[in-house]
2 protein chains.
Amino acid sequence: MAATLKTHDSETEEPTARQEAVLEAVLSLMVEEGDQLTMAAVARRASCSKETLYKWFGDRDGLLTATVQWQAARVRAGAYDRQSLDIATLRDSLKGFAANWLSVISSPTSIALNRLAIGHAASRKSNLGGIVLANGRFAIGERLRPVLEAGREAGLLHFDDAETAFRTFFGLVGRDVQIRLLLGDALVLSRAEIMRDAARATDQFLALHGAATSSKDDLAGPKA
Amino acid sequence: MAATLKTHDSETEEPTARQEAVLEAVLSLMVEEGDQLTMAAVARRASCSKETLYKWFGDRDGLLTATVQWQAARVRAGAYDRQSLDIATLRDSLKGFAANWLSVISSPTSIALNRLAIGHAASRKSNLGGIVLANGRFAIGERLRPVLEAGREAGLLHFDDAETAFRTFFGLVGRDVQIRLLLGDALVLSRAEIMRDAARATDQFLALHGAATSSKDDLAGPKA
DNA sequence: ACTTGACCGTACCGTACGTTACGGTTCGGC
DNA sequence: GCCGAACCGTAACGTACGGTACGGTCAAGT
């Protein structure tokens with residue numbers, strides 16, 4: 001028997017294939033219909049009964065939580081290992097992170113998911129926003145931190161606080177993209193544009209924190 | 001008689017004082033309860049009848065639209081006139097814009113309003129997201145553009161495209177603040193932090209686009 | 001063949017909420 | 001003092017949807 005996915009709060013058993021099909025249905029429904037994310041619609045789309053939904057996921061919130069967690073688990077891209085860390089490798093790593101992040105936040109799935117989580121954050125219940133944050137913004141922060149630290153140790157980067165440096169990078173990459181997309185702006189990012197923006201953001205970040213411009217260190221954290 | 005506010009789509013008559021009180025009630029309810037933004041609750045909070053709400057605003061969407069437009073109209077801060085444009089004045093202008101923007105996006109009102117608009121953008125109806133975008137992100141872009149252009153004409157700034165330069169500034173200022181707040185992260189920005197972040201973002205922007213660092217021009221738009 | 005259990009499809013229930021209707025009150029104009 | 005318009009408070013209606021119950025089907029085990 002596939003135990004209820006939501007026995008506790010953080011207990012995350014792997015969903016079965018059939019259950020994954022249900023989550024896929026939730027996701028597709030979220031992306032296509034946006035609004036009509038009703039239990040009946042999910043059951044119809046997934047060709048399963050509502051009773052099964054409730055048995056597997058407890059309630060509507062459990063289903064949404066499971067969907068968010070499942071999708072979040074799929075997003076993780078491969079970690080960038082620090083090989084011979086020269087400036088070219090570092091730049092490529094940063095560009096890779098930037099391009100990956102832009103791809104994620106501009107994908108219809110991410111947009112729908114973030115809209116859902118934001119709507120949920122308005123009401124207090126069930127921490128969808130926290131899950132999305134932990135697996136999006138904070139996950140990429142944790143994955144990028146070692147790269148930045150390694151860059152600093154190799155003398156390629158200068159900054160005081162890795163977190164602050166990351167947030168600068170985050171801002172340079174994302175700019176107004178996510179908020180515009182969430183608010184329904186018809187902004188399309190082609191693959192080429194993503195690569196171009198990733199390169200631009202990386203160059204800007206290196207201009208601020210790269211070792212080449214040694215006189216810019218203080219920009220990492222002005223003395224309050 | 002106070003005509004219905006939503007006779008057409010873009011026809012925006014000024015609300016009367018009493019109507020403003022209603023909109024204020026909507027806003028406060030949105031901020032406090034987040035979720036429970038029901039017509040009955042609005043009527044109760046505003047001490048008016050539901051019938052009056054429907055007479056004035058047509059339907060729920062009309063009420064929300066009127067609220068968003070009314071709030072948007074209040075946000076406009078004074079435009080910064082270009083006096084003697086030296087580098088100190090320019091820096092102060094940029095810092096002022098940054099601090100103002102950070103104050104806006106971190107205010108409970110803005111958070112609630114953006115959540116509402118984002119939730120609405122999921123369903124296709126009634127362009128709340130467009131209104132918020134037009135009066136937020138794009139309005140500040142339009143107001144900042146002349147400052148940037150003047151800075152360039154005065155030889156204080158270097159960039160190819162004002163829009164691109166603005167988006168860089170936007171990213172440096174906002175970073176991850178808005179998305180984190182929208183997703184319910186307990187991030188508090190004190191007045192001092194806002195000022196510090198505004199200064200940091202301004203310094204970073206000037207490091208990228210300021211005339212002092214003449215070798216960084218190409219960062220405004222790398223050649224694909 | 002019979003039982004068991006997982007599951008589908010559908011009908012059903014209760015509630016929340018948008019919307020409408022209506023009686024009562026206040027107030028400006030005559 | 002009377003009338004009508006604007007408005008308040010509340011009740012009522014219809015619907016959408018979360019959640020539950022139940023009968024029917026299929027497959028596996030005995």
Side-chain angles (χ1 to χ4, degrees), chain A residues 1-7 13-26 29-30 32-68 115-116 119-120 122-126 128, chain B residues 1-7 13-26 29-30 32-68 115-116 119-120 122-126 128:
Chain A
M1 164 195 176
T4 299
L5 287 180
K6 195 195 165 208
T7 45
E13 297 128 28
E14 289 295 301
T16 69
R18 184 73 182 94
Q19 287 170 341
E20 285 190 358
V22 171
L23 300 181
E24 192 76 66
V26 174
L29 214 47
M30 241 173 46
E32 293 169 29
E33 307 300 329
D35 212 353
Q36 263 65 355
L37 194 58
T38 155
M39 297 298 277
V42 171
R44 214 177 312 123
R45 173 71 62 107
S47 294
C48 73
S49 73
K50 282 170 56 171
E51 193 175 22
T52 301
L53 291 184
Y54 284 101
K55 185 196 289 192
W56 284 349
F57 304 101
D59 57 3
R60 186 172 190 270
D61 248 37
L63 176 60
L64 297 184
T65 303
T67 304
V68 171
R115 280 178 180 159
L116 181 73
H120 248 67
S123 59
R124 312 320 185 205
K125 57 188 179 183
S126 95
L128 286 191
Chain B
M1 164 193 178
T4 298
L5 287 180
K6 192 192 166 209
T7 44
E13 297 128 28
E14 289 294 302
T16 69
R18 184 74 182 95
Q19 287 169 340
E20 285 191 357
V22 170
L23 300 181
E24 191 77 65
V26 174
L29 215 47
M30 237 172 49
E32 294 169 29
E33 307 300 328
D35 213 354
Q36 264 61 356
L37 195 59
T38 156
M39 298 298 277
V42 171
R44 215 176 312 124
R45 174 71 63 106
S47 294
C48 75
S49 74
K50 293 209 279 179
E51 191 175 24
T52 303
L53 292 185
Y54 284 100
K55 186 196 288 191
W56 283 348
F57 303 102
D59 57 3
R60 186 172 189 271
D61 248 38
L63 176 59
L64 298 182
T65 302
T67 304
V68 170
R115 280 178 180 158
L116 181 75
H120 247 67
S123 57
R124 316 313 187 209
K125 58 189 179 184
S126 95
L128 286 191

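Convention: sequence-line order gives letters A, B, ...; per-chain numbering from 1.
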Engineer: Between the two end axes of the helix from C:dA1-D:dT30 to C:dC30-D:dG1, each built from 5 base pairs, what angle do you get to the nearest 10°?
Structural biologist: 0°
Engineer: Rounded to whole angstroms, how far apart are CG on A:Leu53 and P on D:dA21?
Structural biologist: 16 Å
Engineer: Report the residues that fulfil side chain to side chain donor-acceptor pair (under 3.5 Å) with B:Glu24, sequence neighbours left out, ordered by chain and then residue number.
Structural biologist: none
Engineer: How close or far is atom P of C:dT10 from atom CE of A:Met39, stated in whole angstroms?
Structural biologist: 17 Å
Engineer: Heavy atoms only: give me the nearest B:Lys50-B:Ala43 pair and the separation to one decimal.
Structural biologist: CG-CB, 3.8 Å
Engineer: With sequence neighbours left out, what residues match A:Ser123 under side chain to side chain donor-acceptor pair (under 3.5 Å)?
Structural biologist: none
Engineer: Whole Å only: how far is the CZ atom of A:Phe57 from the P atom of D:dG19?
Structural biologist: 14 Å
Engineer: Which nucleotide, D:dC8, D:dC17, C:dT19, lies nearest any side-chain atom of A:Thr38?
Structural biologist: D:dC17
Engineer: Applying side-chain contact (heavy atoms from CB on, under 4.5 Å), can you list everything that pairs with A:Glu51, at least two apart in sequence or on another chain?
Structural biologist: A:Ser49
Engineer: Contact list please: residues 43-52 of chain A against DNA chain C, heavy atoms, distance less than 4.0 Å, in numerical order.
Structural biologist: A:Ser47, A:Cys48, A:Ser49, A:Glu51, A:Thr52
Engineer: Return the value, rounded to whole Å, for the distance between atom CG of A:Asp59 and atom C1' of D:dT20.
Structural biologist: 14 Å
Engineer: List the residues meeting side chain to side chain donor-acceptor pair (under 3.5 Å) with B:Thr38, not counting sequence neighbours, and say none if there are none.
Structural biologist: none
Engineer: Using the salt bridge (charged side-chain N to carboxylate O under 4.0 Å, His left out) criterion, which residues pair with B:Glu32? Sequence neighbours excluded.
Structural biologist: B:Arg45
Engineer: Specify the closest pair of heavy atoms between A:Ser47 and A:Arg18, including all atoms of both residues, with the distance to one decimal.
Structural biologist: O-NH2, 3.0 Å
Engineer: Between A:His120 (NE2) and D:dG18 (C1'), how many Å, whole number?
Structural biologist: 13 Å
Engineer: Can you tell me how far P of D:dG19 sits from CG of A:Leu63, to the nearest Å?
Structural biologist: 10 Å
Engineer: Exactly one of A:Leu37, A:Val26, A:Thr67 should register a side chain to side chain contact (heavy atoms under 4.5 Å, CB included) with A:Leu116. Which one does?
Structural biologist: A:Leu37
Engineer: For A:Gln36 and D:dT15, what is the distance between atoms CD and P respectively, to the nearest whole Å?
Structural biologist: 17 Å
Engineer: The criterion is side chain to side chain donor-acceptor pair (under 3.5 Å); which residues satisfy it with B:Arg60, sequence neighbours excluded?
Structural biologist: none
Engineer: Would you say A:Trp56 places a side-chain N or O within less than 4.0 Å of OP1 or OP2 belonging to C:dA6?
Structural biologist: no
Engineer: Considering only D:dG18, C:dT19, D:dC7, which nucleotide approaches the side chain of B:Arg60 most closely?
Structural biologist: C:dT19
Engineer: How long is the line joining OH of A:Tyr54 and P of C:dT10, in whole Å?
Structural biologist: 17 Å
